[in-house]
There are 2 protein chains.
Amino acid sequence: MAQPKATRDKQTKPVRDAAATQAVILAAAEEEFAQNGFTATRTEAIAAKTRVAKSMIYYYFKDKAGLYRAVLAQSHADLLATVQKLELEQLSPEVALEQFLRALLDCVSRNPRLPTIMFYEAVQNQGTFYKESSSVNIDAVLIAILERGVTAGVFRSLDPFQTAINIMGTCLFYFVGAGNIKQFPQGKRLLSKAMLEQHTQEAIALILAGVRPS
Amino acid sequence: MAQPKATRDKQTKPVRDAAATQAVILAAAEEEFAQNGFTATRTEAIAAKTRVAKSMIYYYFKDKAGLYRAVLAQSHADLLATVQKLELEQLSPEVALEQFLRALLDCVSRNPRLPTIMFYEAVQNQGTFYKESSSVNIDAVLIAILERGVTAGVFRSLDPFQTAINIMGTCLFYFVGAGNIKQFPQGKRLLSKAMLEQHTQEAIALILAGVRPS
DNA sequence: GTCTATACGAGGATAGAC
DNA sequence: GTCTATCCTCGTATAGAC
């Protein structure tokens, strides 16, 4: 009566693909952490989004913190790699700034959860996990561009440190509000392809105009 | 032997001032909520910051959510009142924009926790508590100014909706990073009076230059 | 109004079968 | 590798004395 070998003819299908399982968990975790931050995220909620058992999280990532670290690393990898290969020192400050902004906005448009993840990490965890691994400081790259531009006189006499923060805010704040904008009933989806492209345009335009000498 | 009436000669001094106790709780709660958001904040942590017992929170504010609502209302009150009394319709778009920005930056400089509170409310709670009471929509005010300016030709041809978000980001993002900036070892305290004034200057300069017609 | 002590549920983490 | 069942800590909320 019992089927000796056929264990997968039921609805349940334990796929037994380690890499796939990890990827599924990571994806679900990224969503949850981006929405709720580290502390408020429930491992049960992550498991519920996947078809895998909660204990798989602990099997593959040790504990909640381990999973969080993995999410941080994965979500930052693209941005860090992209910025690093730009070779901005070769370019004039104006061009370097535009290239930098386009790269940044491309990355966060591809992964709109990155800004909120960064936010949570900065505010809630005071950058604790961040410091463990962070290789390149994105802000430092931007500050360097601004300094060059001010010195060369192609940017107005701005404070590079302050302005770098403000520029990052211009680019990233959009994604923070994205989840919240039901206030605007025109049915605009802020994360639609069209809107993301428009945001890229508008942000770059605002910033480039903002640093130009008067 | 026992002192009949003198109950306050011990170190412990149950002050029995309702308003004062509420204020103390609210202040501590604002700090905690700004740092951790609603879910991750522990009522025990709030109580620990004060000298009052944890149960006072429930006595005065019903539950954690009630306390959170009270914090939201209090921290937004100043900003809402300030913006409302500006009468920006009377002014030219350029002047109106500068007035608006100065008012906004003044408010958040006075209460640097407001931006993170707003952030948490937007991202984590999707503006749930917010909608319950919110009277004026700050963004709408800014959008209106931008629309007028574009129509009048004193601002460049920008998208008012997108630009409003980006401008808010320029003003507020600074405060989000403020807790985190140990990356910059120059010992700059982002919330010192001098730095806050500089941020106000720099943000206004960046934005006004950014919207000017080319 | 304020405190201490405690009930009770939620959620992180583990054990052990398959 | 994957699942179910369970342990145990932590945190919200309440009861009741003063």
Side-chain angles (χ1 to χ4, degrees), chain A residues 2-29 32-33 35-71 124-125 129, chain B residues 2-29 32-33 35-71 124-125 129:
Chain A
Q3 304 101 344
K5 295 175 182 174
T7 52
R8 36 170 159 187
D9 46 9
K10 292 274 288 287
Q11 297 177 2
T12 54
K13 26 156 190 177
V15 184
R16 277 179 194 266
D17 179 341
T21 303
Q22 288 182 54
V24 168
I25 294 174
L26 269 175
E32 289 297 313
F33 283 130
Q35 177 91 55
N36 308 113
F38 177 74
T39 315
T41 289
R42 307 297 160 205
T43 56
E44 292 185 325
I46 296 171
K49 280 204 173 184
T50 70
R51 278 287 183 162
V52 304
K54 186 171 55 161
S55 53
M56 286 293 93
I57 291 171
Y58 300 92
Y59 179 75
Y60 282 115
F61 299 96
K62 168 85 176 170
D63 57 9
K64 189 179 160 186
L67 177 56
Y68 179 69
R69 267 183 278 264
V71 167
Q124 211 172 54
N125 308 325
F129 291 92
Chain B
Q3 308 101 345
K5 294 174 183 174
T7 52
R8 31 160 159 199
D9 46 9
K10 294 275 290 289
Q11 298 175 1
T12 53
K13 25 154 192 178
V15 182
R16 276 178 196 266
D17 180 340
T21 303
Q22 288 183 52
V24 168
I25 294 174
L26 270 175
E32 287 297 313
F33 283 130
Q35 177 93 55
N36 307 114
F38 177 73
T39 315
T41 289
R42 307 296 157 205
T43 55
E44 291 186 323
I46 295 172
K49 279 203 173 184
T50 72
R51 278 288 182 160
V52 304
K54 187 173 49 165
S55 52
M56 287 294 93
I57 291 171
Y58 299 92
Y59 180 76
Y60 282 115
F61 299 97
K62 167 88 174 169
D63 57 9
K64 189 179 161 185
L67 178 56
Y68 180 68
R69 266 184 280 265
V71 167
Q124 210 171 52
N125 307 324
F129 291 92

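Quick note on labels: first sequence line is chain A, next is B, and so on, each numbered from 1.
Taking every side-chain heavy atom of B/Lys64 into account, D/dT12 is the closest of D/dT12, C/dT2, C/dG12.
Interatomic distance, B/Thr21 OG1 to B/Leu26 CG, rounded to the nearest 0.5 Å: 11.0 Å. The CZ atom of B/Phe33 lies 6.0 Å from the NZ atom of B/Lys64; values are rounded to the nearest 0.5 Å.
If you check every strand for non-hydrogen atoms under 4.0 Å, B/Thr41 touches sugar and phosphate atoms only. A/Tyr60 comes within contact range of the sugar-phosphate backbone alone, with a heavy-atom separation under 4.0 Å but no base atom that close.
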Residue pair B/Tyr60, B/Leu67: steps toward the side-chain contact (heavy atoms from CB on, under 4.5 Å) verdict: CA-CA 8 Å; B/Tyr60 282 115; B/Leu67 178 56; over 6 Å; no
Applying side-chain contact (heavy atoms from CB on, under 4.5 Å) to B/Gln22 and B/Phe61, what does each step give before you reach the verdict? CA-CA 9 Å; B/Gln22 288 183 52; B/Phe61 299 97; 4.3 Å; yes
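Distances shorter than 4.0 Å separate none of the side-chain N or O atoms of A/Arg42 from OP1 or OP2 on C/dA10. Put simply, B/Tyr59 has no side-chain N or O that comes within less than 4.0 Å of OP1 or OP2 on C/dC3. Phosphate contact (OP1/OP2 of D/dT12, side-chain N/O of B/Thr43, threshold under 4.0 Å): present. A sub-4.0 Å separation between OP1 or OP2 of C/dT2 and a side-chain N or O of B/Thr21 is present.
Whole-Å rounding puts the A/Leu67 CG to C/dG12 P distance at 11 Å. Atom CD1 in B/Ile25 sits about 12 Å away from atom P in C/dG1, given to the nearest Å. We find that CG of B/Asp63 is positioned 19 Å from P of C/dC8, with the value rounded to whole Å. In this structure, the NZ atom of B/Lys62 is 13 Å from the C1' atom of D/dT12, given to the nearest Å. For B/Glu44 and D/dC10, the CD to C1' distance is 8 Å, given to the nearest whole Å.
Using a 4.0 Å cut-off on heavy atoms, the residues of residues 45-58 of chain A that approach DNA chain D are A/Arg51, A/Val52, A/Ala53, A/Ser55, A/Met56, listed by number.
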Identify each donor-acceptor pair in which a side-chain atom of residues 37-46 of chain A lies under 3.5 Å from a protein atom, sequence neighbours left out, and give them as a table.
{"from": "A/Thr41", "atom 1": "OG1", "to": "A/Glu32", "atom 2": "O", "distance (Å)": "3.1"}
{"from": "A/Thr41", "atom 1": "OG1", "to": "A/Gly37", "atom 2": "O", "distance (Å)": "2.6"}
{"from": "A/Thr43", "atom 1": "OG1", "to": "A/Tyr58", "atom 2": "OH", "distance (Å)": "3.4"}
{"from": "A/Glu44", "atom 1": "OE2", "to": "A/Lys54", "atom 2": "NZ", "distance (Å)": "3.3"}

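In terms of heavy atoms, A/Ile25 sits closest to A/Met56 at CD1-CB, 3.9 Å. Nearest heavy-atom pair across B/Ile57 and B/Ala47 is CD1-N, 4.3 Å.
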